[in-house]
Amino acid sequence: MSAVEYDVVVVAGGAGSRLGGAVKADLTVDGERLLDRVLAATGSASTRVLVGRGIDAPDDVVRTLEDPPSGGPAAGTDAGLQAVTSPARWTLLLASDLADPAAGIATLLEAAARADEDGEDDVDGICLAGDAEHPQWLFGIHRTAALRGAVESLDTVRNRSMKALLSSLRLTTVAVDPAAVADIDTPTDARTWQAQRPADAPREPRLRGDAATVQRWRQWVEMACEAVAVDPDLVDVAGIHILTKQVAHGYDRPLAPVSSYVLGLAVGAAQARGEEVDQVALRRAIVATIEQAPPVPEEQS
């Protein structure tokens, strides 16, 4: 599978009204700014653009703002697209307040690469979807020409929603666990994510979502699947990472790889019964058992 050529437009906006005026992109989770989490997962992009004001960013990130300011996310998207001088084939469109974006970004890059490989010209964009398959308008990847065309089709982008901007595109959604698309909208959200791990817990390696890494992982998955006669399309790398993370953080770390093995058995069993495989539902069923699981002894927690 070939690596995807893509740009990134991060729509940061201004201060968060429900965060007491704080800039969402500057909030930290586990000692890391939300914006930095997005940038760490998009290092292989051709051009990275940050749309917003009053936010520090690395020198290689293009900074811009809609004119006049405070024009809403569609106007911000337009400003971000205009800031790219040599557009890539795809544009990753992201919010700046995503709590844990790396796995979702990896999923989108893989989906775009697959669309290119399969010649799916009837797909203009791909968005992640959590509960109820509702598209996350600022967590998606789109063919740049189609996205620019959507902007041009509006009489004005000012004060227009992302749904209004993207509804004319031929979109598909990729179902993921709601935790994969969580964002920080309120002080409660920030505290919840900060409290997910003890302050003295060892930091985990970051899941890199860059295209080269995704391609390398996928090549190995295909080799491993061929070795044991398994369909590689059934291996949802990002989904497995989400599942193991939820088990490791929500219950007991040594059982994280066991949960992925249980998921594999469930997928195989569903296939043997001739049923359609719904890996999102299977992962949710596994995670739901954590609430009723035997408690971890206090000296081990």
Side-chain angles (χ1 to χ4, degrees), residues 1-4 41 90 92 98-118 120 123 125-136 139-141 171-182 204-250 255-290:
M1 189 180 298
S2 300
V4 173
W90 291 88
L92 193 59
L98 301 169
D100 195 10
I105 289 171
T107 295
L108 289 170
L109 292 174
E110 184 173 344
R114 194 175 302 281
D116 277 344
E117 188 175 75
D118 296 342
E120 296 178 0
V123 174
I126 306 158
C127 290
L128 297 185
D131 286 329
E133 296 188 357
H134 175 69
Q136 298 296 311
F139 207 157
I141 190 165
L171 298 178
T172 63
T173 58
V174 177
V176 296
D177 288 293
V181 294
E204 299 178 0
R206 296 296 300 160
L207 171 58
R208 294 174 56 205
D210 60 274
T213 299
V214 171
Q215 181 184 17
R216 175 171 57 82
W217 286 351
R218 198 66 206 174
Q219 288 174 340
W220 178 84
V221 167
E222 291 173 354
M223 292 169 61
C225 287
E226 183 179 0
V228 294
V230 172
D231 182 0
D233 288 341
L234 292 173
V235 182
D236 179 0
V237 174
I240 293 169
H241 278 136
I242 292 168
L243 170 63
T244 55
K245 181 176 181 179
Q246 288 176 308
V247 173
H249 291 179
L255 290 180
V258 178
S259 69
S260 65
Y261 182 75
V262 172
L263 174 65
L265 291 175
V267 170
Q271 280 194 306
R273 294 191 298 266
E275 299 174 357
E276 182 177 351
V277 178
D278 185 346
Q279 293 198 41
V280 173
L282 293 175
R283 293 199 303 268
R284 288 175 179 170
I286 293 170
V287 171
T289 65
I290 293 175

Side-chain (Arg218) to main-chain (Pro232) donor-acceptor, under 3.5 angstrom | yes
Residues Ile141 and Leu108: closest non-hydrogen pair is CG2-O, 3.8 Å
Between Phe139 and Pro101, the two heavy atoms sitting closest are CZ-O, 3.7 Å
Donor-acceptor pairs are to be reported for all side-chain atoms of residues 264-278 against protein atoms at under 3.5 Å, with residues two or more places apart or in another chain.
residue: Arg273; atom: NE; partner: Glu275; partner atom: OE1; Å: 3.4
residue: Arg273; atom: NE; partner: Glu275; partner atom: OE2; Å: 3.0
residue: Arg273; atom: NH2; partner: Glu275; partner atom: OE1; Å: 3.2
residue: Asp278; atom: OD1; partner: Val280; partner atom: N; Å: 3.3
residue: Asp278; atom: OD1; partner: Ala281; partner atom: N; Å: 3.1

Separation between OG1 (Thr289) and CZ (Arg284), nearest 0.5 Å, reads 15.0 Å
On a heavy-atom basis, the closest approach of Leu243 and Val287 is CD1-CG2, 3.7 Å
Residues at least two apart in sequence or cross-chain that pass side chain to side chain donor-acceptor pair (under 3.5 Å) with Asp233, listed by chain then number, are Arg114
Contacts of Asp236 meeting salt bridge (Lys or Arg N to Asp or Glu O under 4.0 Å) (sequence neighbours excluded), chain-then-number -> Arg283
Heavy-atom closest pair (Val235 atom, Cys225 atom, distance to 0.1 Å) is CG2-SG, 3.7 Å
CG (Leu263) and OG1 (Thr244) are apart, to the nearest 0.5 Å, by 10.0 Å
Between Leu128 and Thr107, the two heavy atoms sitting closest are CD2-CG2, 4.1 Å
Note: Ala112 and Ile126 closest approach over all heavy atoms is N-CD1, 3.9 Å
One should read off an interatomic distance between Ser260 OG and Ile240 CD1, to the nearest 0.5 angstrom, of 6.0 Å
